[in-house]
S.K.: 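Shown below is the structure under consideration.
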Number of protein chains: 2
Amino acid sequence: MTSSPPPLDATQLGAYFALIEASSLLKHAVEQQLRDAGDLSYVQFQLLATLGDSPTGSRRMTDLADGVVYSRSGLTYQAQTLEKRGLVTRTPSSDDERSITVTISDEGRAVLAGVFPGHIAVLDDLLFAPLSRSDIETLADVLARARDHMRQTPPRSAEPRRRKKTADPS
Amino acid sequence: MTSSPPPLDATQLGAYFALIEASSLLKHAVEQQLRDAGDLSYVQFQLLATLGDSPTGSRRMTDLADGVVYSRSGLTYQAQTLEKRGLVTRTPSSDDERSITVTISDEGRAVLAGVFPGHIAVLDDLLFAPLSRSDIETLADVLARARDHMRQTPPRSAEPRRRKKTADPS
DNA sequence: GTGATGTGCTTCGGATTCGAAGCAACTGAG
DNA sequence: CTCAGTTGCTTCGAATCCGAAGCACATCAC
């Protein structure tokens with residue numbers, strides 16, 4: 001009944017659905033582990049991990065939001081929550097008075113470290129177990145390319161407030 | 001600083017992050033398109049699509065929830081919303097009095113059809129554009145295997161209310 | 001049949017989410 | 001300097017989400 005005007009073959013559909021399903025299932029499982037091990041939501045974990053990954057242990061709010069694909073207001077909420085728990089600190093930036101720099105605390109690093117082993121265990125059991133070495137390599141490569149492409153492709157019909165990269169030479 | 005007790009090499013990490021990032025970005029983009037084209041949330045689209053895919057156009061509530069990886073209560077909410085909009089009907093099942101069968105309506109199929117072309121366009125532009133034919137095939141294969149594995153692996157430490165498949169032969 | 005347990009769904013309460021609007025600091029042109 | 005436009009973040013309101021608890025039917029043992 002559903003006519004198929006612009007085609008999309010079975011393989012493509014399969015890839016799409018598998019992507020969505022797999023990421024949903026994985027996220028769900030990981031979420032539970034994080035909740036149990038350190039009382040963290042997935043976003044909170046992502047934020048701490050992102051900060052921990054940074055050489056300085058800190059990032060601007062906006063960059064954090066972009067990094068984890070989250071709304072600004074949502075990030076404000078989560079940052080406040082994390083700050084209340086003492087896992088991060090928020091300090092106004094010196095060069096730009098509006099900007100706020102979020103920094104992971106020792107406590108934050110501790111929670112992160114406490115949660116990480118279990119996190120990895122879940123990944124191994126659920127995601128990597130059924131995959132071969134080369135499967136994983138291919139997956140990493142292909143998905144990274146897709147991600148990069150999406151990152152640089154502006155959201156069809158640019159929003160009122162453009163992104164930062166708008167080096168429009170017109 | 002973060003010691004790395006149970007290893008997880010760069011490739012694995014890359015695959016994991018790419019998976020999460022790519023699916024987040026894609027979901028986000030698709031969500032916007034669905035909102036514009038048919039005022040549907042992503043879950044609502046998934047539900048309609050799942051129903052539309054069924055030979056009978058209907059499914060049990062629980063199966064729907066499992067299919068789209070959603071909480072039961074969340075599904076109740078969405079099913080009510082969709083019913084109010086006339087996109088689905090909900091009727092008690094005949095063989096099991098507790099069970100409710102959700103069925104997509106003509107109106108629902110219409111909305112689905114109206115939204116589909118744009119949906120596919122987004123997929124083509126964002127996900128498939130930078131990928132080769134064989135990339136897509138591999139992606140479909142690998143992710144399908146991962147998904148199947150996660151589907152059949154019970155959530156580490158089975159919950160109070162077990163899943164249906166517990167054919168424990170002990 | 002009767003009770004104990006399991007299963008399907010909903011209700012409830014609280015937490016999270018987002019977009020729109022608002023505020024404050026920056027930037028550039030005149 | 002001063003104004004307009006931009007950018008960084010927060011507040012606000014409304015929608016959505018989940019888990020725990022509850023209700024009703026089903027199933028199984030006795």
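Order of the sequence lines fixes the chain letters, A, B, ..., with proteins taken first and strands second; residue numbering starts at 1 for each chain. Predicted model only: the values in this text are computed from it and were never measured.
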S.K.: Any N or O donor-acceptor pair under 3.5 Å from the base of D:dG19 to the side chain of B:Ser73?
M.R.: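 For B:Ser73, whose side chain was compared with the base of D:dG19, there is a donor-acceptor pair (under 3.5 Å).
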S.K.: Verify the contact: side-chain N or O of B:Gln80 to OP1 or OP2 of C:dT11, cut-off strictly under 4.0 Å; return yes or no.
M.R.: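 Answer yes for this pair, as a side-chain N or O of B:Gln80 is under 4.0 Å from OP1 or OP2.
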S.K.: Can we say A:Arg60 and A:Asp63 salt-bridge, meaning some charged N sits less than 4.0 Å from an Asp/Glu carboxylate O?
M.R.: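 The answer is yes: the pair qualifies as a salt bridge.
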S.K.: Could you tell me how far apart B:Tyr42 (OH) and C:dC18 (C1') are, to the nearest whole angstrom?
M.R.: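 Spelled out: OH on B:Tyr42 to C1' on C:dC18 is 18 Å.
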S.K.: From CZ of A:Arg72 over to P of C:dA21, roughly how many Å is that when rounded to an integer?
M.R.: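 It is 17 Å, rounded to the nearest whole Å.
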S.K.: Mind calculating the distance between CG (B:Leu75) and C1' (C:dC9) to the nearest angstrom?
M.R.: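 Answer to the nearest Å: 9 Å.
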S.K.: Between B:Arg90 and A:Thr81, which has a closest nucleotide on DNA chain C that is more 5'?
M.R.: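 It is B:Arg90 whose nearest nucleotide is closer to the 5' end.
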S.K.: Could you tell me the separation between the CD1 atom of A:Ile100 and the P atom of D:dT7, rounded to a whole number of Å?
M.R.: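 So the CD1-P distance, A:Ile100 to D:dT7, works out to 19 Å.
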S.K.: Are any of B:Gln32's side-chain N or O atoms less than 4.0 Å away from OP1 or OP2 of C:dG19?
M.R.: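 No, B:Gln32 has no side-chain N/O under 4.0 Å of OP1/OP2 on C:dG19.
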S.K.: Is the shortest side-chain N/O distance from A:Thr62 to OP1 or OP2 of D:dT7 below 4.0 Å?
M.R.: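 For A:Thr62, the contact criterion (side-chain N or O under 4.0 Å from OP1 or OP2 of D:dT7) is not met.
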S.K.: Are A:Gln78 and C:dA15 close enough that a side-chain N or O sits under 4.0 Å from OP1 or OP2?
M.R.: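 So the side chain of A:Gln78 is outside the cut-off, no N or O lying under 4.0 Å from OP1 or OP2 of C:dA15.
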S.K.: Just wondering, more than 12 heavy atoms not from B:Asp148 lying within 6.0 Å of its CG?
M.R.: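 Atom CG in B:Asp148 is crowded, with more than 12 foreign heavy atoms closer than 6.0 Å.
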S.K.: Atom CG of B:Asp39 and atom P of D:dT16: how far apart are they, to the nearest Å?
M.R.: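 Distance, rounded to whole Å: 9 Å.
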S.K.: Considering heavy-atom distances to DNA chain C, does A:Tyr77 or B:Asp96 have its closest nucleotide positioned more toward the 5' end?
M.R.: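 Taking each residue's closest nucleotide, the earlier one in sequence belongs to B:Asp96.
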S.K.: Looking at A:Arg60, does any N or O in its side chain come under 4.0 Å of the phosphate oxygens OP1/OP2 on D:dG8?
M.R.: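 It does, given that an N or O in the side chain of A:Arg60 lies less than 4.0 Å from OP1 or OP2 of D:dG8.
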S.K.: In whole angstrom, what separates B:Asp95's CG from C:dT7's P?
M.R.: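 Between P of C:dT7 and CG of B:Asp95: 16 Å.
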S.K.: Please tell me which of the listed nucleotides, D:dC9, D:dC18, C:dG8, lies nearest to the side chain of B:Ser71?
M.R.: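 When the side chain of B:Ser71 is considered, D:dC18 is the closest of D:dC9, D:dC18, C:dG8.
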S.K.: B:Arg35 or A:Thr76: which one's nearest nucleotide on DNA chain D is closer to the 5' end?
M.R.: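 Its nearest nucleotide being more 5', the pick is A:Thr76.
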S.K.: Side-chain contact test, heavy atoms from C-beta onward, threshold under 4.5 Å: evaluate it for A:Thr76 versus A:Gln80 and give yes or no.
M.R.: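 They are in contact (side-chain heavy atoms under 4.5 Å apart), so the answer is yes.
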S.K.: Just the rounded figure in Å: distance from P of C:dT7 to CG of B:Leu64.
M.R.: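 So the two atoms are 19 Å apart, to the nearest Å.
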S.K.: Does the pair A:Asp135/B:Arg145 count as a salt bridge with the N-to-O cut at 4.0 Å?
M.R.: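 Looking at B:Arg145 together with A:Asp135, the answer is yes, because their closest N to O distance falls below 4.0 Å.
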S.K.: Please determine whether a side-chain nitrogen of the Lys or Arg among A:Arg59 and A:Asp66 lies less than 4.0 Å from a carboxylate oxygen of the Asp or Glu.
M.R.: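 Salt bridge absent between A:Arg59 and A:Asp66.
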S.K.: Rounded to whole Å, how long is the line connecting atom OH of A:Tyr70 with atom P of D:dC9?
M.R.: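 After rounding, the reported distance stands at 16 Å.
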